[in-house]
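Written below as structure tokens is the structure these notes are about.
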Amino acid sequence: MAEQPAKEKRHYISKAQRMTLLEVLITSVILGACVVLSNFLIKYINFNTKIITEKDAAIADYNSTMIQVGVCKDDNRDGKLSDKELKACDPDSVSLNDVPNSLRYNIYETMASNEDLELVARRRKVGGVCYDDNKKEINFTARYNQAKTDEERAQALLGMRECSSLRVISDALPEKRNTEALMSSLNELFVEAQIEPESIAPRDEIVAAAVDGVSVIPVTFRMNGSGADVIRILDAVERSIRTFDITSGVFQWSSSGINMRAEAEAYYLDESLALETKKTVRAAEGEKK
């Protein structure tokens, strides 16, 4: 009879131990799950913080680009474009006076009136599109700032490009391929040198440019004349606003003079597209690409 309480006591002790072990096991599982979940949440928060940081940097770069180019007006001059400013942004209606020191302003205001560019520009014809009925030079910059419609702005920009110092840029490096205009420019050099060319023609071969964003139009021209004639045409080509790089030349002497055949390259701009950059954000540093 004395052994019965001892057995019951051992039974309760064993049961308590099992319950304690079970509680410890359950607690360990819960603690492990909490640790894993906490670690996941910390990594998740850090990863989203990286994404938000990169997004903020992209937005800042976008704002800076739009302001520096002169696409939108920064009313409060804080270097940022608010939602209100972006909603009201209309590049075609932005006046040059609203975007001082921007790329747009420097081109259409500063460069358009640059006297150094004007010195090398071709002489404008009085009575053409650059002058009014009273033979007075038209201020296309003022017309652009006063324009009320997209058509008026487009006409003012066209006038600025054709009649201001900016036309030197398009003469030197056209924005598109125009073989006929190139042949006309080359022929004008012969007219300037008072020489009749035997032939002026583009070549069919494809030539790669050494500079990205620029394409090549290969041309060939022939002439026959005296040594002075050859020097005059080469000097005219050298002084040309539009660049002609002579890559090869063949000279033959005869009783009638010098027969010259030259191959040259002229240039124009490729179509310009906005450059897009991609940023890969990884959860862990050193992660394989």
Side-chain angles (χ1 to χ4, degrees), residues 2-108 110 150 175-176 208-215 269-289:
E3 294 181 356
Q4 187 66 26
K7 288 183 178 180
E8 290 180 357
K9 187 176 181 180
R10 287 195 298 271
H11 172 74
Y12 286 127
I13 292 174
S14 178
K15 184 177 180 180
Q17 288 176 339
R18 289 197 300 269
M19 291 299 297
T20 301
L21 289 174
L22 181 60
E23 290 173 356
V24 171
L25 178 62
I26 293 174
T27 303
S28 299
V29 172
I30 293 174
L31 180 61
C34 290
V35 171
V36 172
L37 182 61
S38 299
N39 187 47
F40 171 77
L41 290 175
I42 291 173
K43 289 184 177 181
Y44 183 79
I45 293 171
N46 289 336
F47 179 64
N48 279 275
T49 300
K50 289 182 180 180
I51 293 177
I52 293 172
T53 301
E54 293 298 334
K55 282 185 176 180
D56 289 341
I59 292 172
D61 290 342
Y62 182 74
N63 279 333
S64 177
T65 299
M66 295 183 71
I67 293 172
Q68 290 178 13
V69 172
V71 176
C72 298
K73 182 169 59 172
D74 182 15
D75 291 318
N76 54 12
R77 307 294 183 188
D78 62 349
K80 301 178 182 178
L81 294 175
S82 64
D83 293 340
K84 181 180 179 181
E85 290 171 334
L86 283 173
K87 188 175 181 180
C89 178
D90 181 5
D92 292 330
S93 64
V94 175
S95 171
L96 294 177
N97 295 327
D98 294 331
V99 287
N101 300 321
S102 66
L103 177 64
R104 190 176 190 177
Y105 180 90
N106 288 332
I107 290 176
Y108 289 118
T110 306
D150 292 343
E175 60 184 354
K176 61 182 179 180
V211 180
D212 291 338
V214 176
S215 292
L269 287 175
D270 286 336
E271 182 180 1
S272 299
L273 300 174
L275 297 178
E276 294 185 358
T277 58
K278 293 184 179 180
K279 177 76 174 183
T280 302
V281 180
R282 296 181 174 83
E285 297 294 336
E287 201 173 275
K288 292 183 178 180
K289 296 182 179 180

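The first residue of the sequence shown is numbered 1, and numbering continues consecutively from there. Bear in mind that the values here come from a model prediction, so they are computed numbers and not experimental data.
In this structure, OG1 on T49 lies 11.5 Å from CD1 on I42, to the nearest 0.5 angstrom. Distance CD/Q68 to CG/N63: 11.0 Å, rounded to 0.5 Å. The CG atom of N101 sits 12.5 Å away from atom CD1 of I67, with the distance rounded to the nearest 0.5 Å. Distance check: Y105 OH to N97 CG gives 6.5 Å after rounding to the nearest 0.5 Å. A distance of 9.5 Å separates CG in L96 from OG1 in T110, rounded to the nearest 0.5 Å. Put simply, CD on E54 and CG on D56 are 9.5 Å apart, with the number rounded to the nearest 0.5 Å.
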Candidate pair L86 and M66, rule side-chain contact (heavy atoms from CB on, under 4.5 Å), full reasoning | CA-CA 10 Å; L86 283 173; M66 295 183 71; 4.1 Å; yes

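Every residue two or more places apart in sequence or in another chain was checked for a side chain to side chain contact (heavy atoms under 4.5 Å, CB included) with S38, and none qualifies.
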Kindly list each side-chain donor-acceptor pair under 3.5 angstrom involving residues 21-29, sequence neighbours excluded, with atom names and distances?
from : atom 1 : to  : atom 2 : distance (Å)
T27  : OG1    : E23 : O      : 2.6
S28  : OG     : V24 : O      : 2.8

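The main-chain N or O of C72 is never found under 3.5 Å from a side-chain atom of E85 such that the two would form a donor-acceptor pair. Of the possible donor and acceptor atoms, none in the side chain of N39 sits under 3.5 Å from a partner among the backbone N and O of V35.
The two residues D74 and L81 have their closest heavy-atom pair at CA-CD2, 4.3 Å.
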